[in-house]
Amino acid sequence: MRAPAVVVDDLRKRYGDTAAVDGVSFAVEHGEIFGILGPNGAGKTTIVESIAGLRTGDAGSIRVHGVDPWTDREALTRILGIQLQESRLQAKITVREALELWSAFYDDPLPWRDLAARVGLAGLLAARFSKLSGGQQQRLSIALALVGRPQVAILDELSTGLDPRVRQEVWQLVREVRDTGVTILLVTHSMEEAQHLCDRVAIVDGGRIRALDTPVGLIRAAGAGTTMRFTPSAPIDLQSLRELAGVSSVHADGGGRVVVQGSEDAVVLVMSSLAAQRAVPQGLHVASGSLDSAYLDLTAAETAAETAEEHR
Ligand code: ADP
């Protein structure tokens, strides 16, 4: 069996009294879009920069396609591309100059004109970095991460500051890159980005992984299921709704509205039970659980558990 593309085993890194990374292990499969999601200061940058060989852990080990990034940087550059933070590019450099310069770092770079066309920058080769829009700058930084034909690409805070349409374009580009076989590690603090783009997500907080699953799995595990709200057109038996498979709670709010929580499958059962009771769900509103609520539940639960431990 083929080993995973990236293996992180019990990574630890301290800065003085701060445990930036406190025993993190995970493996990323080939061709996966793997999200590392967490609040500021969670340890995300320390983890990915350790994978990229830009930082060395105090303990643990990392392998990227079998290569140790802490001891074999040269082999690593042939495998891994990392998106530079935009502030690290000079304002006056043109798109063409940046692509040419980055190409020169590699033995067998992608033809940079083709790459520029693929990320939609073919018409902007003479434009200076500072004159590009946020989306164009982001696409250039993705192109620079890809120019060395990496098998693993690390992309950081992809959609920060982008308007929704441009963000969709950047996400589409990332999917296309993955479809060419590149494994992608995506650092983000956007729940929406993780939910839309990632095959699996590690939620990191306080230097540890709090949960690791598919976006759907995380939502399910956090119990952040579907919520239905409606006003029945005729009196109904709330207890009969509570007994339906997949329904976790039913309550009436003061204004005659009923709130039902449960799994997605429960929606159909609630509907048919209402029909049998000859009641129409007026003003029906159905909201499915999001990674957002799952994330908040998970991190809140962790914080509560830690606080309880501290008080013991
Ligand atoms: P994130 O990327 O999730 O915001 P980081 O990995 O940057 O988190 O930081 C994790 C923790 O480690 C934070 O408390 C941060 O202040 C600390 N830290 C990170 N890098 C350094 C450093 N070079 N020197 C001192 N502390 C650092």
Side-chain angles (χ1 to χ4, degrees), residues 2 4-6 26-38 44 47-48 51-52 64-65 79-86 95 99 102 109-124 132-204 212-220 288-292 294-295:
R2 199 176 179 198
V6 178
F26 61 91
V28 183
E29 297 304 326
H30 294 266
E32 189 171 29
I33 302 181
F34 187 92
I36 299 180
L37 177 70
K44 304 182 297 294
I47 294 169
V48 293
I51 294 171
V64 182
H65 281 239
I79 300 165
L80 184 134
I82 183 163
Q83 180 194 13
L84 284 180
Q85 299 291 327
E86 48 185 280
V95 171
L99 287 165
W102 256 253
L110 284 170
W112 61 260
R113 280 179 193 280
D114 294 354
L115 187 58
R118 197 163 122 211
V119 299
L121 293 174
L124 288 165
L132 300 177
S133 71
Q136 289 162 349
Q137 291 187 350
Q138 205 59 289
R139 281 181 287 170
L140 177 60
S141 69
I142 294 172
L144 297 178
L146 298 177
V147 75
R149 299 181 196 270
Q151 289 161 296
V152 177
I154 296 177
L155 306 178
D156 200 345
E157 298 298 347
L158 262 187
S159 61
T160 306
L162 300 185
D163 71 49
R165 194 181 49 79
V166 178
R167 197 171 51 174
Q168 292 287 347
E169 280 172 24
V170 170
W171 289 351
Q172 187 51 35
L173 174 63
V174 172
R175 290 191 194 99
E176 284 167 22
V177 170
R178 185 272 293 281
D179 291 344
T180 66
V182 179
T183 305
I184 293 173
L185 257 100
L186 190 75
V187 178
T188 183
H189 55 231
S190 157
M191 260 62 77
E192 200 193 349
E193 182 163 280
Q195 192 166 358
H196 276 84
L197 213 47
C198 297
D199 299 306
R200 285 189 306 150
V201 178
I203 293 181
V204 179
L212 197 172
D213 205 338
T214 60
V216 170
L218 289 171
I219 292 165
R220 221 176 261 149
S288 58
S290 65
L291 191 54
D292 217 347
Y295 172 81

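The structure presented is a predicted model; accordingly, all values stated were derived computationally and were not measured.
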Does Val147 form a side chain to side chain contact (heavy atoms under 4.5 Å, CB included) with Leu115? I'd like the steps, not just the answer.
CA-CA 7 Å; Val147 75; Leu115 187 58; 3.8 Å; yes

Pairing residues for Glu176 by the salt bridge (charged side-chain N to carboxylate O under 4.0 Å, His left out) criterion, not counting sequence neighbours
none

Quick one: does Thr214's side chain get under 4.5 Å of Val201's, heavy atoms only?
no

Shortest non-hydrogen contact from Ala143 to Leu99?
CB-CD2, 4.1 Å

Does a side-chain heavy-atom distance below 4.5 Å link Ile154 with Ile51?
yes

With side chain to side chain contact (heavy atoms under 4.5 Å, CB included) as the test, would you mind laying out the steps for Arg178 and Asp199 before giving the verdict?
CA-CA 11 Å; Arg178 185 272 293 281; Asp199 299 306; 2.7 Å; yes

Do Ile47 and Phe26 touch side chain to side chain, with heavy atoms closer than 4.5 Å?
yes

Can you give me the closest heavy-atom contact between Pro215 and Ala194, atom names plus distance?
CG-O, 3.9 Å

Val119 and Arg139 have their tightest heavy-atom pair at O-CD, 3.2 Å

How many angstroms lie between atom CD1 of Ile36 and atom SG of Cys198, to the nearest 0.5 angstrom?
9.5 Å

CH2 (Trp112) and CH2 (Trp102) are apart, to the nearest 0.5 Å, by 14.5 Å

Is there a side-chain contact between Val182 and Gln151 in this structure, where contact means two heavy atoms from C-beta onward sitting under 4.5 Å apart?
no

Could you state the interatomic distance from CG (Leu186) to NZ (Lys44), rounded to the nearest 0.5 Å?
11.5 Å

Pairwise distance CG(Leu110) to CG(Asp114) - rounded to 0.5 angstrom:
8.0 Å

Shortest non-hydrogen pair, Gly81 vs Pro150, comes out as N-CB, 3.4 Å

Minimum heavy-atom distance between Arg200 and Glu29, given as atom pair plus value
NH2-N, 4.4 Å

Side chain to side chain contact (heavy atoms under 4.5 Å, CB included) with Val28: which of Ile33, Val152, Leu185, Ile184?
Leu185

Mind checking side-chain contact (heavy atoms from CB on, under 4.5 Å) for Arg175 and listing every partner two or more places apart, or none if nothing turns up?
Trp171, Gln172, His196, Leu197

Please determine whether a side-chain nitrogen of the Lys or Arg among Glu193 and Arg167 lies less than 4.0 Å from a carboxylate oxygen of the Asp or Glu.
no

Working to the nearest 0.5 Å, report the span between CG of Leu121 and CD1 of Ile142.
10.0 Å

State whether a side-chain donor-acceptor pair under 3.5 Å links Glu32 with Thr183.
no

Answer whether the closest heavy-atom distance between the side chains of Gln83 and Leu144 falls below 4.5 Å.
no

Please round to the nearest 0.5 Å and tell me the distance separating atom CG of Asp213 and atom CG of Leu218.
5.0 Å

